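This report concerns only the one structure given below.
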Amino acid sequence: MVQEKLMLYQNMLFIRRFEEKLTELCKIEGKLPGMVILCTGQEAVAAGVCGALEKEDVIISNHRSHGHLLAKGADANALMAEIFGKVTGCNKGKSGTLHIAVPEVNALCTTTVVGGGIPIAVGTAFAQQYKKSKAVTVCFFGDGSADEGSFHESLNMAALWDLPVIFVCENNVYSGAQRMEEHTKVKDIALRAQGYGMPGVVVDGNDAEAVLKATAEARERCLAGEGPTLIECKTYRWRGHGEADHQAYQPKDEIAMWMERCPIKKIEKELLSEGVISREDITALEDSIAIIVEDAVRFAEESPLPDPEEALDDVYI
Amino acid sequence: MVQEKLMLYQNMLFIRRFEEKLTELCKIEGKLPGMVILCTGQEAVAAGVCGALEKEDVIISNHRSHGHLLAKGADANALMAEIFGKVTGCNKGKSGTLHIAVPEVNALCTTTVVGGGIPIAVGTAFAQQYKKSKAVTVCFFGDGSADEGSFHESLNMAALWDLPVIFVCENNVYSGAQRMEEHTKVKDIALRAQGYGMPGVVVDGNDAEAVLKATAEARERCLAGEGPTLIECKTYRWRGHGEADHQAYQPKDEIAMWMERCPIKKIEKELLSEGVISREDITALEDSIAIIVEDAVRFAEESPLPDPEEALDDVYI
Amino acid sequence: MQQITMGQAIQQALAEEMRRDASVFLAGEGIGVGIHESPVMPTFGLLREFGPARVKDTPVSEAAIAGLAVGASVLGLRPVVEVMFNPFFTLASDQIVNHAAKLRYLSGGKSSFPLVVRVKTGAGFGAGCQHSHNLEAWAAHCPGLKVVMPGTAADAKGLLKSAIRDDNPVVFFEDMGLFFFPSSVPEDDYTIPIGVADIKRPGRDVTVVTWSKMLGVAFKAAAALSKEGIETEILDLRTLLPLDKEAVIKSVQKTGRLVILHEATRTGGFGGEIAALAADDAFSYLKAPVKRVTAPDIPVPFSPPLEQFYIPNENKLIEAIKSIVL
Amino acid sequence: MQQITMGQAIQQALAEEMRRDASVFLAGEGIGVGIHESPVMPTFGLLREFGPARVKDTPVSEAAIAGLAVGASVLGLRPVVEVMFNPFFTLASDQIVNHAAKLRYLSGGKSSFPLVVRVKTGAGFGAGCQHSHNLEAWAAHCPGLKVVMPGTAADAKGLLKSAIRDDNPVVFFEDMGLFFFPSSVPEDDYTIPIGVADIKRPGRDVTVVTWSKMLGVAFKAAAALSKEGIETEILDLRTLLPLDKEAVIKSVQKTGRLVILHEATRTGGFGGEIAALAADDAFSYLKAPVKRVTAPDIPVPFSPPLEQFYIPNENKLIEAIKSIVL
Ligand SMILES: Cc1ncc(C[n+]2csc(CCOP(=O)(O)OP(=O)(O)O)c2C)c(N)n1
Ligand SMILES: Cc1ncc(C[n+]2csc(CCOP(=O)(O)OP(=O)(O)O)c2C)c(N)n1
Ligand SMILES: [Mg+2]
Ligand SMILES: [Mg+2]
């Protein structure tokens with residue numbers, strides 16, 4: 001358990017620093033093409049969920065994917081290079097930050113169509129059931145996505161067929177500039193699970209251990225043939241929807257309140273007080289993370305852009 | 001109340017006889033073009049719901065529409081002629097049985113895309129709210145339709161905005177050849193209402209008075225600005241999905257059991273025992289209905305088919 | 001050779017591929033127990049042979065059905081899913097167009113999505129415009145998809161087998177008007193390559209490019225014209241994407257005249273693509289205007305005389321051909 | 001004349017129509033409070049002026065948004081709803097294509113559906129293929145819809161006003177690449193008729209038929225070619241459906257040469273329709289093959305050099321023109 005907790009801490013810290021670097025890079029005009037969408041403040045969901053998974057387990061991610069991918073074990077260099085649009089990126093620069101797939105770690109589909117990944121997760125879970133493999137699928141999506149029709153059709157089908165899939169709703173209070181209460185009347189997305197005949201669980205999305213535990217339980221249910229679970233992780237988006245968002249609509253004190261509840265600080269404090277790590281350990285960890293992140297940036301910067309004609313590749317097999 | 005009960009009885013009987021005539025006509029090779037889809041056995045839903053409505057109230061119907069339309073007051077001649085594909089039909093033969101609109105009685109849209117009418121009902125209810133009219137929208141759909149994404153998006157939006165709309169799920173046990181338990185794990189579609197923050201009600205769909213009462217209550221809520229209600233009417237489809245369906249998958253004893261629970265017989269028995277009507281009244285009523293139905297068929301048969309070139313009309317205004 | 005309908009040919013292709021490859025499974029609305037269990041329907045009898053683990057009757061949930069195929073295929077299964085009627089392609093289109101067609105590209109070529117979406121299509125059965133609407137042009141405008149639309153039972157069998165074995169997503173349109181009339185179909189395990197058009201009737205005077213059910217209309221017109229000394233070459237595209245440009249160009253080079261025939265409505269139909277191809281790559285061979293014979297720009301009406309007016313017929317084709325040949 | 005961007009021109013049209021007619025309301029994702037409140041965005045400031053009863057920020061529910069428009073319009077309101085990015089048109093397409101476009105026909109002309117669906121579109125902002133995919137050809141293949149795609153701020157304002165006042169459903173495509181560059185737009189309340197193309201530059205040697213953002217590319221090419229003595233006529237379609245066939249034919253009659261330019265991918269793009277029109281109705285005037293300059297048949301890639309490769313540019317247009325003029 002101590003090992004697990006430490007791992008969660010390390011993973012979260014890595015995600016945080018990786019994305020902070022992106023925030024920095026975004027400020028340099030022309031450095032990063034396209035939109036950059038970060039999960040700063042929500043790291044406990046990515047780390048907690050993936051902490052309960054095995055390598056063969058599949059994740060289906062969305063526009064806010066970096067945390068999920070890194071927690072699942074994606075290579076930081078290839079990820080950074082993809083965000084830069086370089087040919088050495090996970091997807092040769094075809095995808096960019098919004099739909100990075102990392103099949104090597106079974107992050108099989110990342111889609112930026114809100115709700116679009118949910119039916120696909122039904123498909124991968126179906127394949128897992130069909131092949132009788134001892135693996136499950138996790139599908140990450142936001143609170144806003146739970147209003148899409150695809151959410152409904154997918155959860156109904158997954159429950160009907162007892163598919164080994166865990167639906168993880170990362171409720172970060174906002175869908176774009178819209179607060180939860182502006183897009184639905186219910187307080188908990190997890191409530192909807194009843195309408196499909198599956199369990200719905202609410203967890204503190206800033207408590208990585210709680211997230212891990214809920215995921216592990218859901219995974220057990222999946223593997224026991226008892227079907228899917230909907231887990232709603234209550235968390236918060238510290239930054240805007242994307243880095244270009246000025247967050248005019250997010251109350252300052254709300255952000256401050258949630259920053260107080262930082263998932264990393266929480267676990268760090270516990271690890272310190274439990275004597276698992278020392279301040280020096282943290283410094284050493286920070287240093288090693290900084291090196292990996294700097295390396296990733298260097299790798300990305302030094303990598304070439306794809307040749308224009310490469311646009312024609314990879315449409316068909 | 002006696003008046004109301006009598007009205008329900010008359011309406012149901014009329015729908016039944018109108019559709020029995022269609023069953024008969026279907027047996028005559030080449031008489032009716034296209035598919036014919038009937039609501040025999042489900043008349044209490046149509047009559048009960050529409051019995052609670054005013055003329056200005058809007059209904060949005062689906063592929064199983066004849067009952068809804070007749071109960072809302074559609075002209076039997078024009079309806080029959082449309083089913084025959086005649087130019088005197090409600091829609092000049094462009095629509096046929098599957099998507100008959102009768103704007104004259106505010107049956108504004110009938111769609112055969114399963115679930116397709118539900119978002120439209122949100123729209124008409126929105127217009128009613130926007131114009132502050134004292135009218136509501138009723139949307140009819142089946143149990144199978146409640147698995148479509150459109151159901152989900154629409155109920156969430158309607159609840160969010162407190163729209164004056166009543167969602168009537170006619171649960172007739174089947175969606176095509178599929179039994180309810182083969183398309184969803186939940187026992188009651190009404191359960192899903194909680195996931196949107198609206199009341200969900202289950203009523204005996206073979207009890208026209210109960211349906212009327214539930215609808216009237218939902219209508220009051222709508223007009224009081226308290227928003228939508230989902231009413232699930234438990235009923236049964238006596239005949240196949242359409243008239244070409246041989247019902248191989250429907251257990252004989254199940255059909256027999258539900259025929260025992262005939263919504264018309266039930267109310268007829270009550271009216272007789274309460275002394276509201278006599279056997280002679282029934283005979284008289286049957287006779288008058290038979291005349292109207294025969295007239296409708298004669299009207300349809302004697303009406304001309306549209307000229308081929310009329311196909312080009314009515315695309316644009 | 002066996003005489004079977006296109007519905008049965010599709011059934012055979014499905015059954016044979018399922019026997020051959022355990023990774024093939026079917027999903028769709030009413031594909032197991034149907035409301036009318038007709039032996040000429042494409043999925044008749046398959047539930048009985050392959051059981052409910054491989055023949056999945058689904059809820060009425062088109063987006064989830066298509067997504068099921070996307071997800072299952074990326075893990076190596078070979079889903080064949082059904083869209084009951086072409087207008088409902090809309091409901092599945094996000095999954096098919098934004099996901100099935102694009103996810104391989106987005107992965108930088110790392111993943112593949114070997115799935116087939118069968119779409120039943122065609123007017124003529126009195127169901128109106130929400131059941132009948134030929135939208136093959138939509139699919140053919142989406143790079144990453146292959147689009148197949150056979151006009152004979154024999155082609156359907158061979159092309160569907162190719163589609164199932166193809167490692168790319170294939171949208172396979174089946175005109176229901178072809179489900180009921182028997183024709184010759186080889187009994188053995190054969191495939192017909194995707195992307196290869198077929199000269200169904202050689203001719204000297206005019207090329208008719210067509211596909212799907214309209215092939216029959218083309219034959220009727222060709223027979224009538226032949227009696228008047230006009231010899232029509234009928235080129236059946238069979239695949240819309242990738243398009244067999246060579247075949248079109250070659251035929252036009254030979255005849256110098258081109259008529260395109262399809263059941264879909266005219267404006268924005270795939271006929272435009274063929275005309276554009278000829279007007280560019282075969283321009284110097286064209287001896288006369290390129291004609292299109294199509295449905296008018298209206299939704300499919302219900303009433304029989306209206307619906308018959310909608311569907312292109314041999315008279316309209318003959319008239320178009322004569323307008324450029326004579 | 002005021003110098004405003006197309007985003008602002010659309011904003012003006014919306015605001016003016018909302019002031020003029022209380023039955024006009026807006027709905028869509030993020031159209032009230034947005035994540036970046038830029039004054040050049042089409043719906044900027046409208047929530048403040050018209051309040052939340054008329055500017056409805058919706059859940060992320062494209063089908064319900066489109067259905068909202070269908071239902072509200074049949075009761076006499078004039079909804080203007082937004083599809084945030086063109087690929088999400090798929091999610092709304094059942095409501096738009098099977099309902100908005102067909103329900104009037106199905107009613108036998110009794111009902112009407114005066115709604116506008118605004119669709120933001122266009123590649124070039126590094127968002128990849130799930131945000132960028134020009135699907136105007138889909139809408140243009142659906143009878144019952146009108147399809148508008150302006151190329152200038154002034155046209156956008158006048159055409160959007162016409163669209164809002166039109167009693168038919170209109171799909172209005174706005175290329176986001178045009179939101180940011182100011183040009184001259186009349187201040188008064190004017191409309192531009194739907195269905196009328198516009199000669200944006202008269203020329204003698206070749207006709208370029210184009211629409212939307214590609215208009216700018218056409219101008220650049222025309223300027224360069226003019227220096228070499230080649231005079232390009234630029235015909236801006238503005239409306240794809242109903243198509244202004246006369247205008248296309250007339251221009252081709254004059255120049256005898258036709259190049260079609262659009263940003264959408266080639267195969268199945270609306271360029272085919274224009275080529276087909278010319279190859280039929282203007283055949284005898286054509287002096288050279290009809291060329292199309294379009295995106296290649298690939299999804300829109302992310303990385304800047306790849307995305308630039310995707311978008312048609314003036315060099316490709318110049319090359320195509322020279323190939324038939326010289
Ligand atoms: C189908 C679709 N509609 C709209 C969008 C635009 N969009 C991108 S993210 C987003 C909000 C999603 O909110 P949520 O699901 O809560 O995820 P979060 O961004 O909060 O992580 C929207 C509307 C989209 N990408 N896809
Ligand atoms: C979008 C769509 N998918 C599939 C169909 C084919 N279909 C017509 S009715 C039906 C079953 C609907 O069941 P239910 O909603 O329970 O209504 P019921 O027929 O029982 O009244 C299906 C699948 C359709 N019309 N529309
Ligand atoms: Mg959110
Ligand atoms: Mg049912």
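Convention: sequence-line order gives letters A, B, ...; per-chain numbering from 1. What you see is a predicted model; the values in this text were computed from it and never measured.
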Region of D:I274 in contact with chain C, defined by heavy-atom distances below 4.5 Å
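Neither part, no heavy atoms under 4.5 Å.
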Quick check on D:N86 against chain C: is it the side chain, the backbone, both or neither that has a heavy atom closer than 4.5 Å?
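Nothing of D:N86, per the 4.5 Å heavy-atom cut-off to chain C.
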When [options] are compared by non-hydrogen pairs under 4.5 Å with chain D, the top option:
options	result
C:A264, C:G269, C:A63	C:G269
C:P301, C:A288, C:A282	C:A288
C:K102, C:Q95, C:H99	C:K102
C:L286, C:I324, C:L243, C:L240	C:L286
C:D297, C:N98, C:V300	C:N98

Has D:K245 got more than 12 heavy atoms of other residues, nucleotides or ligands less than 6.0 Å from its NZ?
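Not more than 12 within 6.0 Å, no.
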For C:F89 and C:W138, take the angle between the two ring planes, folded into 0 to 90°, and tell me which bin it lands in: parallel under 30, tilted 30 to 60, perpendicular over 60.
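Perpendicular, since the angle between the ring planes exceeds 60°.
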Name the orientation class of the two ring planes belonging to D:F283 and C:F283 (parallel below 30°, tilted from 30 to 60°, perpendicular beyond 60°).
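Rings of D:F283 and C:F283: tilted, 30 to 60°.
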Quick check for you: among [options], which has the greatest number of heavy-atom pairs under 4.5 Å with chain C?
options	result
D:G271, D:A101, D:S93	D:S93
D:A275, D:G272, D:P289, D:A278	D:P289
D:A92, D:G144, D:G128, D:C129	D:C129

Determine whether the aromatic ring centres of D:H133 and D:F85 lie less than 6.0 Å apart.
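Aromatic pair excluded; centres sit 6.0 Å or further apart.
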Measure from the ring center of D:H131 to the ring center of D:F88 and say whether it is less than 6.0 Å.
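Between D:F88 and D:H131, which both carry aromatic rings, the centre distance is below 6.0 Å.
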C:W211 vs C:H262 side-chain heavy atoms within contact, under 4.5 Å:
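In short, these two side chains touch, coming nearer than 4.5 Å.
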Report which part of [X] has an atom under 4.5 Å of a heavy atom belonging to chain D: side chain, backbone, both, or neither.
X	result
C:P242	neither
C:L241	side chain
C:I96	neither
C:I298	both

Consider only side-chain N and O atoms of C:S251 and C:E233, and report whether a donor and an acceptor are under 3.5 Å apart.
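Per modelled atom types, C:S251 and C:E233 side chains form a pair under 3.5 Å.
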Testing the 3.5 Å rule here: is there a donor-acceptor pair between the side chains of D:T121 and D:D175?
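There is no such pair (donor and acceptor under 3.5 Å, judged by atom type) between the side chains of D:T121 and D:D175.
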Just by distance, do the side chain of C:D280 and the backbone of D:K291 share a donor-acceptor pair under 3.5 Å?
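No, because the side chain of C:D280 does not come within donor-acceptor range (under 3.5 Å) of the backbone of D:K291.
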